[in-house]
Amino acid sequence: MQKEQVISTLKHIATLMELKGENSFKIRAFHNACRALEAETESLDIIVKENRLTNIKGIGEGIAKKIVEMVVDNKSTWLEDLQNEVPKDLVKMLGIPGLGSKKIRTMYKELGISTLQDLKQACLDSKIEVLPKFGKKIQENILSGIETLNKHAGKYLFSFAHIESQKIMAYMRECNCIDKLEIAGSLRRRKEITKDIDMLVVASDSETVMQHFVSYPQVEKIIGHGQKKSSIQLRKGLQVDLRVVEEHQFAFALMYFTGSKEHNTQMRSIAKKRGLKLNEYGLFNDKEESSTCSSEEDVFLSLGLQYVIPELRENLGEIELAQKNELPQLISQQDLKGIFHMHTEYSDGKNTVREMAEKAQEMGYKYIGITDHSQSLTVAGGMKPNEVKKQFAEIDALNEEFDSFRIFKGVESDILADGSLDYDEDLLAQFDFIIGSIHGNFKMSEAEMTKRVITAIENPYLTMIGHPTGRLLLKREPYAINMTEVIHAAAENNVVVEINAHPFRLDLDWRWGKLAAEKNLLTSINPDSHIAEGFDDIYYGIGIARKAWFNAERVINTWKIEQVEKFFAKK
DNA sequence: GCCGTTTTCGGCCCGACTGTTTTCAGTCG
């Protein structure tokens with residue numbers, strides 16, 4: 001098993017143990033072990049081979065043994081045993097709001113409910129409401145929860161949640177007793193997938209704010225309605241949580257509700273080591289007096305830490321760096337000087353080369369790189385060699401015409417099944433730069449796919465790897481590929497690995513950021529636009545690049561035109 | 001199950017809300 005599989009297996013084991021009613025701290029230990037593995041950049045194979053698993057903080061004898069079995073024998077007897085004990089629908093029931101492991105277990109033990117079908121029937125037969133600690137209300141909630149489960153997957157793209165959050169923020173601002181209003185949660189951390197929108201408010205009159213909130217016209221259901229905390233579900237499915245705090249609590253609350261949970265847990269334990277208590281209301285000493293902090297920066301400072309921007313708060317090593325004052329200066333949108341990876345009417349894009357160039361100039365960019373599809377991708381109208389020549393001539397003419405703006409001649413070449421690029425060498429040599437992407441033959445083994453991509457990386461004509469895992473968020477799984485090896489190879493061959501900014505891709509995944517930083521990997525934040533307006537997607541790519549610890553120097557489309565030309569010329 | 005500037009046992013983050021209760025367990029974030 002690869003690291004990602006090991007992690008998901010451990011998480012699955014933790015869930016099943018929870019449903020079995022194991023000690024909650026034992027379960028937490030499994031989650032901690034997962035985090036430790038996620039943050040580990042060294043190859044898991046090597047760590048296992050050299051018997052160094054227990055050197056990782058969070059992994060002890062017990063879990064190490066299970067991991068070794070997964071890596072060496074490619075299976076987990078422990079998981080298999082648990083799966084035999086716990087019916088798999090019980091896991092699905094955890095997705096029903098209001099149902100946790102305890103309630104699910106009670107229903108299973110008392111009534112033998114092991115499938116969603118059973119559960120629905122038991123609700124309809126009023127068998128649930130008579131169980132101890134259950135009641136009519138809970139039974140109703142379960143029934144409507146099953147409906148929601150079927151209707152909405154409960155996960156949403158960042159781009160979708162971002163747009164919805166802008167709408168509800170605008171609505172909330174209509175309430176005139178609000179002093180401060182901020183988005184928190186995973187949305188503020190710019191995570192690619194989100195479950196809900198978290199909002200934080202400072203207000204003179206919390207009751208009015210809450211009433212305004214639950215009266216939002218797009219509400220499907222009010223999940224909770226209290227003085228300090230309320231939750232609604234929108235018709236489009238996603239949940240919105242609102243918290244109201246007092247002015248002097250705001251910085252602490254913002255930090256707390258931004259998360260991540262894992263980051264917060266570690267922050268609290270740092271506070272605890274200093275004899276302090278950190279929660280959403282303040283940073284308290286043993287006399288219950290809180291420090292005064294008017295900003296998040298102050299809170300971090302009070303704990304002896306450099307300020308950690310929200311995107312980094314995933315407990316993947318950022319706190320350790322903050323302690324040493326070594327956090328990177330991250331890229332921001334203003335750093336960008338040009339854009340690569342876009343399609344025109346020469347393949348499957350909507351606009352002409354000129355239109356793309358003019359749009360980019362309007363937005364203040366100094367250069368673009370046109371990359372239509374190559375000949376093998378016939379479904380997307382890939383360019384035949386004669387069309388490439390025609391496009392070259394058009395680009396040359398436009399470059400003559402434009403002042404202090406350059407169009408680079410590029411291509412998004414298919415990486416063919418054997419790892420070769422799509423045109424003959426003669427033509428490849430004439431492009432300024434080449435992006436290599438996989439668009440077919442997805443179903444190779446991991447070893448074959450990795451070899452295919454590395455062969456392309458070693459090709460002297462290749463400048464950049466496009467959407468390295470081929471994933472489509474919430475739609476299509478990534479193809480099997482060993483990203484550790486790909487990143488090593490790309491860094492060694494001076495090949496750029498793009499961050500595809502399309503909201504469905506966001507690929508390279510930010511979780512590779514730590515390894516990428518260690519290897520000094522270059523990236524480029526690419527919109528993969530098929531229409532001029534698609535340049536706006538860059539916003540999503542910036543968020544991912546920041547999550548992935550990229551400073552501006554390692555992102556080639558922040559470079560000046562001369563530096564880009566020099567870099568391309570070397571290939 | 002893991003860990004140790006409370007170090008081999010005992011603690012592991014903590015508060016709001018709900019629905020069931022009549023003081024609290026369970027869920028959620």
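Every chain is numbered from 1 and lettered A, B, ... according to where its sequence line falls, protein lines coming before strand lines. Hydrogens, waters and symmetry mates play no part in the numbers below; they use all other heavy atoms, side chains included. These numbers were taken from a predicted model, which means no experiment stands behind them.
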Original post:
Is the shortest distance from a Lys or Arg side-chain nitrogen in A:K3 or A:D45 to a carboxylate oxygen in the other one below 4.0 Å?
Top reply: no

Original post:
What distance do A:I7 atom CD1 and A:L44 atom CG have between them, rounded to the nearest 0.5 Å?
Top reply: 8.5 Å

Original post:
For the pair made of NE2 in A:H31 and C1' in B:dG1, what is the distance, rounded to whole Å?
Top reply: 12 Å

**OP:** State the pairing partner of B:dT8; accept Watson-Crick or G-U wobble contacts with both distances under 3.5 Å, and report none otherwise.
**Re:** none

Subject >> Value in whole Å for how far the C1' atom of B:dC3 lies from CD of A:E61 >> reply: 13 Å

Original post:
A:I232 has an atom CD1; how far is it from atom C1' of B:dC28, in whole Å?
Top reply: 17 Å

**OP:** Please report, rounded to the nearest Å, how far the P atom of B:dC14 is from the CG atom of A:L283.
**Re:** 13 Å

**OP:** Name the nucleic acid region contacted by A:I270, choosing base, sugar-phosphate or nothing; use a 4.0 angstrom heavy-atom cut-off, strictly under.
**Re:** nothing

**OP:** Scan for salt bridge (Lys or Arg N to Asp or Glu O under 4.0 Å) pairs involving residues 305-321 of chain A, sequence neighbours excluded, and state none if there are none.
**Re:** A:R189-A:E314, A:E296-A:R313, A:E311-A:R546, A:E314-A:K547

**OP:** For A:D241, report the nucleic acid contact type (base, sugar-phosphate, nothing); a contact means any heavy atom under 4.0 Å.
**Re:** sugar-phosphate

Subject >> A:D198 side chain, from C-beta outward: closest of B:dC12, B:dG4, B:dG29 >> reply: B:dG29

Original post:
Are A:K75 and A:E80 close enough for a salt bridge, meaning some N to O gap below 4.0 Å?
Top reply: no

Subject >> Same-atom distance (P) from B:dG26 to B:dT21, integer angstrom >> reply: 13 Å

Original post:
What is the nucleic acid contact for A:I59, judged by heavy atoms within less than 4.0 Å: base, sugar-phosphate only, or nothing?
Top reply: sugar-phosphate

**OP:** Would you mind reading off the distance between A:E18 atom CD and B:dT27 atom P, rounded to a whole angstrom?
**Re:** 9 Å

**OP:** Between B:dG1, B:dG4, B:dG29, spot the one nearest the side chain of A:K57, thanks.
**Re:** B:dG4

**OP:** With P as the reference atom in both, quote the distance from B:dC17 to B:dT22 in angstrom, rounded to an integer.
**Re:** 23 Å

Subject >> Base versus backbone protein contacts along nucleotides 15-21 of chain B [heavy-atom cut-off under 4.0 Å; B, S, -] >> reply: SSSSSS-

Original post:
Which part of the nucleic acid does A:K65 contact within heavy-atom distance under 4.0 Å: base, sugar-phosphate only, or nothing?
Top reply: nothing

Original post:
Can you tell which of B:dT27, B:dG1, B:dG29 lies closest to the side chain of A:K102?
Top reply: B:dT27

**OP:** Report yes if a side-chain nitrogen or oxygen of A:K195 is closer than 4.0 Å to either non-bridging phosphate oxygen (OP1 or OP2) of B:dG29; otherwise report no.
**Re:** yes

Original post:
Which is true for A:I13 with a 4.0 Å heavy-atom rule: it touches a base, it touches only sugar-phosphate, or it touches nothing?
Top reply: nothing

Subject >> Single hit among A:E4, A:E192, A:E40 for salt bridge (charged side-chain N to carboxylate O under 4.0 Å, His left out) with A:R511 >> reply: A:E192

**OP:** Quickly work out the A:L94 CG to B:dG26 C1' distance and round it to whole Å.
**Re:** 13 Å

Original post:
Of A:K273 and A:G100, whose closest DNA chain B nucleotide lies nearer the 5' terminus?
Top reply: A:K273

**OP:** Could you give the distance separating B:dT8 and B:dG1 at their C1' atoms, to the nearest angstrom?
**Re:** 15 Å

Original post:
Rounding to a whole Å, what distance do you find between A:E262:CD and B:dG29:P?
Top reply: 13 Å

Original post:
Can you name the residues that form a ring-ring contact (aromatic ring centres under 6.0 Å, His included) with A:H162, not counting sequence neighbours?
Top reply: A:F158, A:Y539

Subject >> Closest heavy-atom pair and its distance - A:G237, A:Q233 >> reply: O-NE2, 3.0 Å

**OP:** Kindly write out the residues that satisfy ring-ring contact (aromatic ring centres under 6.0 Å, His included) with A:F284, not counting sequence neighbours, or none if the list is empty.
**Re:** none

**OP:** Return the residues of residues 301-321 of chain A meeting this criterion: a heavy atom under 4.0 Å from some atom of DNA chain B. Order them by number, or give none.
**Re:** none

Original post:
Who pairs with A:K167 by side-chain hydrogen bond (donor to acceptor under 3.5 Å, both in side chains), at least two apart in sequence or on another chain?
Top reply: A:E164

**OP:** Is it possible for you to check whether A:K236 lies under 6.0 Å from the centre of the six-membered ring of A:F160, through NZ or CZ, and within 45° of that ring's axis?
**Re:** no

Original post:
Taking atom P in both B:dG11 and B:dT6, what distance in whole Å separates the two?
Top reply: 15 Å

Original post:
Once you round it to whole Å, what is the distance between P of B:dG11 and NZ of A:K272?
Top reply: 10 Å

Original post:
5'-most contact on DNA chain B: A:T54 or A:G98, nearest heavy atom basis?
Top reply: A:T54

Subject >> Proximity of A:Y171 and A:H212 rings by center, below 6.0 Å >> reply: yes

